[in-house]
Amino acid sequence: MSGDGDARTVPVDRLDRAGAATEWLRLAAEVAAANRAYHGADAPEISDADYDALKARLIAIEERFPDLAEAGSPSAEVGAPPAEGFAKVRHAVRMLSLGNAFTAEDVAEFDGRIRGFLNLPAGAPLAYTAEPKIDGLSLSLRYEAGRLVQAATRGDGETGENVTPNARTIADIPQRIDAAPEVLEVRGEVYMAGADFEALNARQAAAGAKTFANPRNAAAGSLRQLDPAVTAARPLRFFAYAWGEVSEPLAETQMQAIARLAGFGFATNPLTRRCDTLAELAAYYAGIEEQRATLGYDIDGVVYKVDDLALQARLGYRSTTPRWAIAHKFPAQLAWTRLEAIDIQVGRTGALSPVARLHPVTVGGVVVSNATLHNEDYIAGRDARGNPIRDGKDIRVGDWVQVYRAGDVIPKVADVDLSKRPGGAEPYVFPDHCPECGSEAIREPGDSVRRCTGGLVCPAQAVEKLKHFVSRGAFDIEGLGAKQIEMFFADAALPIREPADIFTLAARDAASLARLKNRDGWGEKSAQNLFAAIEERRRIPLDRLIFALGIRHVGEVVAADLARHYGNWPAFLAAVDAAGPALARHLAAEAAVEAERAAANAEGRRARISETRDAVWADPPLPEGARAAWMDLVNIDGIGTTVAVSLVTTFHQPAERASIDRLAAHLTVADVAARGAVDSPVAGKTIVFTGTLEKMTRAEAKARAEALGAKVSGSVSKKTDLVVAGPGAGSKATAAAELGIETIDEDAWLALIGG
DNA sequence: GTGCCTCGAGTTCC
DNA sequence: CTCGAGGCAC
């Protein structure tokens, strides 16, 4: 850092507003100048370290006085590129994955679901396309005015990595295309042919470089090279099979669209076929499976898509997969090996998860030495309901076990060879105490998981909670990943034992920088970067904060629901606090209802459920607003009593609450706006469909309405905003009329939402 | 009460 | 990626 400049500066937390404003102007000008110098061809005027220090201080000032940066700040610009890695790219249209089918029945169900959704009779024609599923990595290529402007990996589907310079080196990918739509995103698979893979590995071995386990890894490793020259030297290929954003429709059917892509100069898979019946799909699958070994490239199944693009549009998407396509996977590859040990891992919720330590074995081109064993029932050979799995065969240390990779990724134990079981092998005894902290580990009735009861006292839980806290959807602090958390957790001099410690790391110890930079893998620059990254996250959106707390049953989606409902941290805290007294009452009421059920059963009378529940809630009286706060929480869409109990319990455990309060003291929590208003005439409305719908099925109508931001309900109440009534509508239409709710027919509905 | 669908929490290897 | 289970509609 620029020592003379910063030594004289006032700590940011002691700056007054006027001083901050003056300094902000100066820093903003310097950072902007450095950004210009960097982006232009000029040699940068200042070193990276000085730049980082300037920017860190600028950001720190903006954290404290956010209004200063409102008109725009150079801190938002990307200055020096990250030392490694690729820029992130947000996909204009999400890159989804496909649902899987493993059997002919799964495929028949897929076909049945589609026919049901579209309301097609069983015999009606419905054409599919079928193509081999290439085992590579998917890539999205964006063309504007016919020129390749961006190539991005799939990433998590929302955001991928910008690998444009690398993609330009792939011969199958045209730099320019003629007569194309103004905007065209072509999607497909980057892969490496088997022969090319062998040759590459031979070259790698000869050069003393590391070899790749399989063509897919080689393709992925080659595409994600920081130096495009390396990628250029790798034999990568590309098949186009889909598209993202397009400024005009490509075609009317999938087959035509693929033909158009081929016309633009893309390689498309020559085995793509149209199939008119399930029998044709089955024959295609069998044929491809037969050719698999001689194709020259790896595939892991075949993909079926509804051919008619208008039908694809009607079918639309579920949360992570299209309804109109499915991958029919080949059977997983299997391998036998010896189970050497069973270890227990403790997760952030205290779950004890057994992991099989295996004698290393190659499964589908990858060496596997660990596999999940799920839970204690899975080891014992029965499922949660007590039904036998693996014919009831249990798993013992020393057994020969059959391993496969579920979805070609997660290793699992499929079977046990009892004939090879060593004499003296004992049934595995699942621990009833936490192997990490010794606390009792108990299994709630009906739960398949045994959990450590140590809570924050358990070091394993504490460290896993911290890892969750810094993970991607949560605080996502650059330079503070799982490995660094482990390091800091175990560090006696500079420990991080709870989230609040992260934000005192720099301040706790002026010498921390010196201590950090002398550690393995840490230099002054990386320590500075870490502190700057932490500073950047002092301001955090409410949804991320709630998610980061790691409350059981509160994941990313529920956290976002809560944040949108309460809007800001004080309101959220106030609501959870207010609901506190109702928590015990809820539990007492449910216990009383259980008791009443049992009593009624014994006495052979009808249980008086709501009377019992109401009585417990009513007496003794609860503090003002407690029940209202509880009901408000439980009535949020997607939140029920399980989530509410978990949430309120967490905030009312003194140790947990103290830890949360300590954390919050370091943060500026950004408000979250109510559910993003979709721009449609029905956004936010509650709609009921009734009677016979003639132009669409009920499922389709519901999906369309929800995509437009409406809530679809099954029954008419005073909350209903609109009723769409087809012929034969009965009591619901009457109820709507009585309540004075607007009722329209199907055509009016279609006109309202635009066809 | 039953049956979807979605979400959460767990896992491996590169 | 998969499993279990929570939430909710039927």
Side-chain angles (χ1 to χ4, degrees), chain A residues 97-100 102 109 113 116-117 137 156-157 210-224 300 317-321 323 327 329 332 343-358 360-375 377-378 383-385 389 403-413 444 446-451 461 464-465 467-468 471 473 547 550-561 634-646 688-690 698-699 702-703 706 711-715 732:
Chain A
S97 51
L98 292 177
N100 289 325
F102 295 97
E109 275 173 30
R113 272 199 304 276
F117 195 95
L137 64 154
D156 63 3
K210 85 173 178 55
T211 57
F212 295 99
N214 54 54
R216 190 199 4 199
N217 287 351
S222 299
L223 188 68
R224 297 184 74 263
D300 56 0
Y317 301 87
R318 303 216 317 233
S319 66
T320 60
T321 57
R323 286 198 186 85
K329 297 299 237 0
D343 285 352
I344 301 289
Q345 294 182 351
V346 182
R348 86 180 148 87
T349 63
L352 305 193
S353 305
V355 178
R357 306 298 177 196
L358 305 167
V361 62
T362 303
V363 189
V366 171
V367 177
V368 166
S369 42
N370 300 307
T372 174
L373 290 169
H374 290 126
N375 55 48
D377 288 346
Y378 192 82
D383 69 13
R385 281 183 217 85
I389 45 181
V403 182
Y404 72 105
R405 297 202 305 147
D408 268 344
V409 182
I410 311 287
K412 295 194 173 183
V413 172
E444 299 287 347
D447 201 348
S448 54
V449 176
R450 188 174 286 274
R451 291 195 153 81
Q461 284 188 55
E464 293 303 319
K465 275 197 119 161
K467 286 182 192 170
H468 172 78
S471 68
F547 173 60
I551 298 158
R552 184 133 94 96
H553 303 302
V554 181
E556 240 171 326
V557 172
V558 170
D561 288 344
V634 167
N635 282 334
I636 299 173
D637 228 11
I639 292 172
T641 53
T642 308
V643 175
V645 166
S646 173
V688 174
F689 292 97
T690 182
R698 201 155 289 244
K702 183 169 188 285
E706 283 173 350
K711 185 173 184 272
V712 177
S713 168
S715 55
K732 285 181 196 172

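Each chain gets a letter, A, B and so on, in the order the sequences are listed, and its residues count up from 1. Because the structure is predicted, anything quoted here is derived from the model rather than measured.
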Under 4.0 Å, heavy atoms only, any strand: does Arg405(A) hit a base, just the sugar-phosphate, or nothing? nothing

Taking OP1 and OP2 of dA9(B), is either one under 4.0 Å from a side-chain nitrogen or oxygen of Ser353(A)? no

Picking from dA5(C), dG10(B), dC13(B), the nucleotide nearest the side-chain atoms of Asp447(A) would be dA5(C)

Should Ser448(A) be listed as having a side-chain N or O under 4.0 Å from OP1 or OP2 of dA5(C)? yes

Could you give the CG-to-P distance, from Asp561(A) to dG6(C), as a whole number of Å? 17 Å

May I have the distance from Arg451(A) (atom CZ) to dA9(B) (atom P), rounded to whole angstrom? 8 Å

By nearest heavy atom, map Phe212(A) and Gly550(A) onto DNA chain B; which one lands nearer the 5' end? Gly550(A)

Rounded to whole Å, the CD1-C1' distance (Ile639(A) to dA5(C)) equals 16 Å

Among dC14(B), dT2(C), dG7(C), which nucleotide has an atom closest to any side-chain atom of Val643(A)? dG7(C)

Heavy atoms from C-beta onward define the side chain here; which of dA9(B), dC13(B), dC7(B) lies closest to that of Val557(A)? dC7(B)

Without decimals, in angstroms, what is the distance between His553(A) NE2 and dC3(C) P? 20 Å

Have a look at Val558(A) and say if it touches a base, only the backbone sugar-phosphate, or nothing, with a 4.0 Å heavy-atom cut-off. sugar-phosphate

Here's a test of your reading of the structure: between Ala213(A) and Arg113(A), which maps to the more 5' nucleotide of DNA chain B? Arg113(A)

Side-chain contact check for Pro411(A): nearest option of dC1(C), dC14(B), dT12(B) is dT12(B)

For the side chain of Lys412(A), starting at C-beta, report the closest nucleotide among dC14(B), dT2(C), dT11(B). dT2(C)

On a heavy-atom basis, the closest approach of Thr349(A) and Gln461(A) is C-OE1, 4.0 Å

Answer with base, sugar-phosphate or nothing: what part of the nucleic acid does Asn375(A) contact at a heavy-atom distance below 4.0 Å? nothing

Using modelled atom types only, decide if a donor and an acceptor are shared between the side chain of His553(A) and the backbone of Ala644(A) within a distance under 3.5 Å. no

Can you tell me the distance, in whole Å, between the CD atom of Glu464(A) and the P atom of dT11(B)? 8 Å

Given dC14(B), dG10(B), dC13(B), the nucleotide with the shortest approach to the side chain of Lys210(A): dC14(B)

Considering only dC1(C), dG6(C), dA5(C), which nucleotide approaches the side chain of Ser97(A) most closely? dC1(C)

Check this one for me: any side-chain N or O of Arg552(A) less than 4.0 Å away from OP1 or OP2 of dA9(B)? no

Spell out, as yes or no, whether a donor-acceptor pair under 3.5 Å connects the side chain of Ser646(A) to the backbone of Arg552(A). yes

Closest of dC14(B), dT12(B), dA9(B) to the Ile410(A) side chain is dT12(B)

If we only count heavy atoms from C-beta on, is the Arg216(A) to Leu137(A) side-chain gap below 4.5 Å? no

Starting at CG of Asp343(A) and ending at P of dG10(B), how long is that distance when rounded to a whole Å? 17 Å

Using whole Å, report how far NE2 of His374(A) lies from P of dA5(C). 12 Å

Show the nearest heavy-atom pair for residues Val366(A) and Arg405(A), with the distance to one decimal. CG2-NH2, 3.7 Å

Can you see if the side chain of Gln345(A) gets near the phosphate of dG10(B) - specifically, an N or O under 4.0 Å from OP1 or OP2? no

May I ask you to decide if Ala218(A)'s main-chain N or O and Ser222(A)'s side chain share a donor-acceptor pair within less than 3.5 Å? yes

If only side-chain N and O atoms of Thr642(A) are considered, is one of them under 4.0 Å from the OP1 or OP2 phosphate oxygen of dA5(C)? no

Please state how far atom CD in Glu109(A) lies from atom C1' in dC4(B), giving the value in whole angstrom units. 12 Å

